[in-house]
Amino acid sequence: MADPVTNVETSSARQDGTDDVIQVKDLHVHFHTALGVVRALNGVSFNIPRGKVLGVVGESGSGKSITGLSIMQLVPPPGRMESGEILYKEKPDTAKPLNILSLGRHSDEMRAIRGDDISMIFQEPMTSLNPVFSVGHQIREAIMLHQNPNEDEARAQSVDILQKVGMPNPQRIARSYPHELSGGMRQRAMIAMALSCTPALLVADEPTTALDVTTEAQILELMRDLQNDIGTSIMFITHNMGVVAQMCDEVAVMYLGRIVERATVDDIFYDPKHPYTISLLRSIPRLGTNRGQKLETIKGGVPDPYTTVTGCPFHPRCPSFMPGLCDTVLPVETIIEGKDHHTVRCHLYPGSTPEQVADGDGRVTGTSGTAPNTGRAN
Ligand code: SF4
């Protein structure tokens, strides 16, 4: 079935035989505030293949974190999920995926999914860790809530998982309180808690941003090892392209609540298509840059969240802006010719310009264009 705001087909199974642990379809999340409506997500659609790592990148305000929180049904008020689907498939042979948005935010089913099936780790570990309980106690609680072992088994498992995340002397760490640990150790403890129930999907929101580079490298290696061992899929939210190169299989680039480009990590770095992706990559410091040479910056800033940009949301900052087209017509997602796994939303590419002109909000209500139909889930 074609997504209403893209030219790309969506399906529950990909044609290359892999299956998706999660599919997000045309998700709209708005914040209704006294100053107006902030459209945080404007039709976000993507999938995460089982066992793979999807990097989600973009500047602050692009909607990365809200996308992660939506999957957990943890969007804070006054945010509201207006429409869309989040389809979760626990195992490859699960007959019918579960639409997470059909579950109540505080329902028992949703509570069971959080932690057991889908876990989330944050930039600040104290978001997850309770300061008044020991680390071991908190991991045991998570294990007992979701797996139902006896107290002794849960205790042994909690020490085991602390060892797996590279904690020296895990018995002692299990007895420690979060404030007794360093930042890197707290981060490991949070990862241990998130992974203690072997989730099918881990949503990691800037998990290493607050750490020094050595600890960051250790944590990233640890997550990659655990992902290989357990087979957990990861949605890795970051603004750090270096981390993306190290961690991810595929990358989704977000701008103003939309995914503007999606490709394998190699294509994003070596053959980026969207002017925003190209600008993001040019703003990274590189080895070999001459001393004194200024880094390129992206012109302008992210627009005020209360304003609605007509046409392509990136047009006020785009070096390839085409007047009369980019500022009036919202490009739809299209597949780059010859690359099934590379999609882009930009009028520079065939199939991205719909036949119908956008409405007053810059949204295309019909579908058209000439993008090839590959059956790939977007
Ligand atoms: Fe730039 Fe136009 Fe492409 Fe938007 S659609 S990224 S403004 S060229």
Side-chain angles (χ1 to χ4, degrees), residues 2-8 26 28 39-46 55-64 67 239 241 244 250-264 267-284 296-305 307-339 341-372 378:
D3 187 299
V5 289
T6 70
N7 272 331
V8 182
D26 197 23
H28 291 256
R39 291 173 168 81
L41 299 185
N42 290 300
V44 167
S45 300
F46 66 93
V56 180
V57 301
E59 292 165 287
S60 298
S62 59
K64 310 184 298 288
T67 305
H239 64 269
M241 297 300 275
V244 167
E250 291 190 63
V251 186
V253 182
M254 287 191 77
Y255 189 75
L256 275 193
R258 289 188 175 90
I259 291 176
V260 295
E261 184 162 7
R262 160 89 188 246
T264 62
D267 277 344
I268 286 290
F269 279 94
Y270 297 112
D271 191 21
K273 298 295 184 193
H274 197 282
Y276 178 59
T277 313
I278 294 168
S279 301
L280 268 185
L281 290 166
R282 284 191 181 147
S283 62
I284 304 173
E296 286 189 39
T297 55
I298 307 176
K299 185 183 87 176
V302 177
D304 179 289
T307 59
T308 303
V309 182
T310 56
C312 169
F314 189 55
H315 84 257
R317 308 171 74 188
C318 181
S320 308
F321 170 61
M322 294 173 276
L325 177 62
C326 296
D327 50 353
T328 54
V329 182
L330 178 71
V332 294
E333 187 178 42
T334 191
I335 298 169
I336 297 296
E337 202 180 336
K339 294 197 170 180
H341 292 264
H342 196 159
T343 60
V344 68
R345 276 176 185 263
C346 172
H347 293 307
L348 294 172
Y349 301 94
S352 213
T353 306
E355 284 157 13
Q356 289 161 297
V357 176
D359 64 19
D361 282 341
R363 280 206 53 184
V364 173
T365 49
T367 57
S368 58
T370 55
N378 63 330

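Not measured: the values here are computed from a predicted model. For the numbers below, each heavy atom of this structure counts, side chains included, while hydrogens, waters and symmetry mates do not. Both ligands and their constituent atoms are indexed starting at 1 by order of listing.
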**Message:** Show every salt bridge (charged side-chain N to carboxylate O under 4.0 Å, His left out) that has at least one partner inside residues 308-324, sequence neighbours left out.
**Reply:** E59-R317
**Item:** Under-2.8 Å neighbours of atom 1 (Fe) of ligand 1, protein N/O/S atoms only
**Value:** 1
**Request:** Answer yes when K273 and D267 have at least one side-chain N-carboxylate O distance shorter than 4.0 Å, and no when they do not.
**Result:** no
**Asked** Would you call E250 and R262 a salt bridge, using N to O less than 4.0 angstrom?
**Response** yes
**Asked** Partners of K64 by salt bridge (charged side-chain N to carboxylate O under 4.0 Å, His left out), sequence neighbours excluded?
**Response** none
**Aromatic ring pairing Y255/F314, orientation class (parallel under 30°, perpendicular over 60°, tilted between)** = perpendicular
**Asked** Who are the ring pair (Phe, Tyr, Trp, His ring centres under 6.0 Å) partners of F269, not counting sequence neighbours?
**Response** none
